[in-house]
Amino acid sequence: MYALTVLPNTADSVQVTELPDPIPGAGDLLVDGLAVGICGTDAEIIAGTFGTAPPGHDRLVIGHESLGRVRQAPDGSGFAPGDLVAGVVRRPDPVPCGACAHGEFDMCRNGRYTEHGIKGLHGFASEAWCVEADYAIRLDPRLEPVGMLLEPASVVAKAWEQIDRIGARSWFEPSSVLVTGAGPIGLLAALLGVQRGLDVHVLDLMDHGPKPDAVAALGATYHHDGVAAAAAGAPPDIVIEATGAPALVYEAIDHTAKCGIVCLTGVYGPSRPAAAAYREMVMENDVLFGSVNANLRHWSAAADALAAADPDWLGRLVTRRVPLAEAPGALDPGDDDIKVVVTLE
Ligand code: BGC
């Protein structure tokens, strides 16, 4: 079978590689790959700045935003051939730490977790793959064209759960959220905000095209003139930052309502926040926190959220589909791209 692989720590080593067919272990599903989504983490792995191959392997199969169809399932696994599934990205560390022992491997304390397609485990950008039945998530069959969005949705479901838990430190009835960045994470965060009945605002740079259109189709408000203008109507109770631009973080802290919560989901460079932002946080009881990855609770919340969404709206997020054979060299997102997907059939 063929897979999309890289030589970790080597820029632009991405290629289509022939590998032996996977052999399912006891308790594993054998899955025919349908598609994987490509994200910023994949871009870092392809650039050679992130990613680790499995022990004993030189190359890493990439792809952690998976979608496949079960070919073979063990009896009693709860899965059957034909089921649409995604594979959970992270596995608990082997110690395990307290968080991993409690199923909260997204909050692993010792960093020895592994991640499919990222850290120490092959990913899902292959014509076939195996996954433990306990780490497979079934998708509504209507989601076949867009099911690779489940992984980014799980990351967003976790962020929202953490916002709720942090909000519960005192009285908390948020009415509005500002999402900065109209990429897949930002748009899925906006979707979940709308599903929660919030007044949702989304900020991005583009002034026309698929991003503003997707926000409008969600019934949310699109902005492209900066945080201050986006917050001018009413300061947001919650900001979900999904661009990775540090300047937006400082501005977000400045423009939240009192007791505001700013959730960071982007990948930021090494610059440090200014003292003025810290002062604002203290004076207003603001919370700034980071959120990464997702545990099984979040994956199932995400599957419910996608099943409740309009599949046509989700389809707007997938702006380009590239066949596996053409994937190397075709993965950089264009200005109007939201999610680029590699098809594996
Ligand atoms: C993935 C997460 C992962 C993180 C760091 C993100 O792109 O969505 O599941 O934990 O990268 O490796």
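One-based numbering, in listed order, for ligands and for the atoms of each.
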- Task: Kindly compute the distance separating OG1 (Thr256) from CD1 (Ile261), expressed to the nearest 0.5 Å.
- Result: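 Reported to 0.5 Å precision, the distance equals 9.5 Å.
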
- Item | From Asp83, Asp32, Asp28, residue fulfilling salt bridge (charged side-chain N to carboxylate O under 4.0 Å, His left out) relative to Arg71 |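 Only match with Arg71 under salt bridge (charged side-chain N to carboxylate O under 4.0 Å, His left out): Asp32.
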
- Could you check Glu144 against Arg69 for salt bridge (charged side-chain N to carboxylate O under 4.0 Å, His left out), going step by step and ending with a plain yes or no? CA-CA 9 Å; Glu144 176 162 349; Arg69 187 179 295 293; 2.5 Å; yes

- Message: Taking atom CZ as the centre, does Phe172 end up with more than 12 heavy-atom neighbours from other residues, nucleotides or ligands that are less than 6.0 angstrom away?
- Response: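 Check passes, neighbour count above 12.
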
- Do His116 and His122 have ring centres separated by under 6.0 Å?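 No, they do not, as the ring centres are separated by 6.0 Å or more.
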
- Item | Tyr113 backbone acceptor or donor facing Lys119 side chain under 3.5 Å |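 Such a contact is found between Lys119 side chain and Tyr113 backbone.
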
Every pair of nitrogen or oxygen atoms between ligand 1 and the protein that is under 3.5 angstrom apart - can you list them with their distances to 0.1 Å?
unit_1, atom_1, unit_2, atom_2, d
ligand 1, 7 (O), Thr41, OG1, 2.5
ligand 1, 7 (O), His64, NE2, 3.3
ligand 1, 8 (O), Glu151, OE1, 3.4
ligand 1, 8 (O), Glu151, OE2, 2.7
ligand 1, 9 (O), Glu151, OE2, 3.1
ligand 1, 9 (O), Asn293, ND2, 2.9
ligand 1, 10 (O), Arg90, NH2, 3.4
ligand 1, 10 (O), Glu115, OE2, 2.5
ligand 1, 10 (O), Asn293, ND2, 3.1
ligand 1, 11 (O), Thr41, OG1, 3.1
ligand 1, 12 (O), Glu115, OE1, 2.6

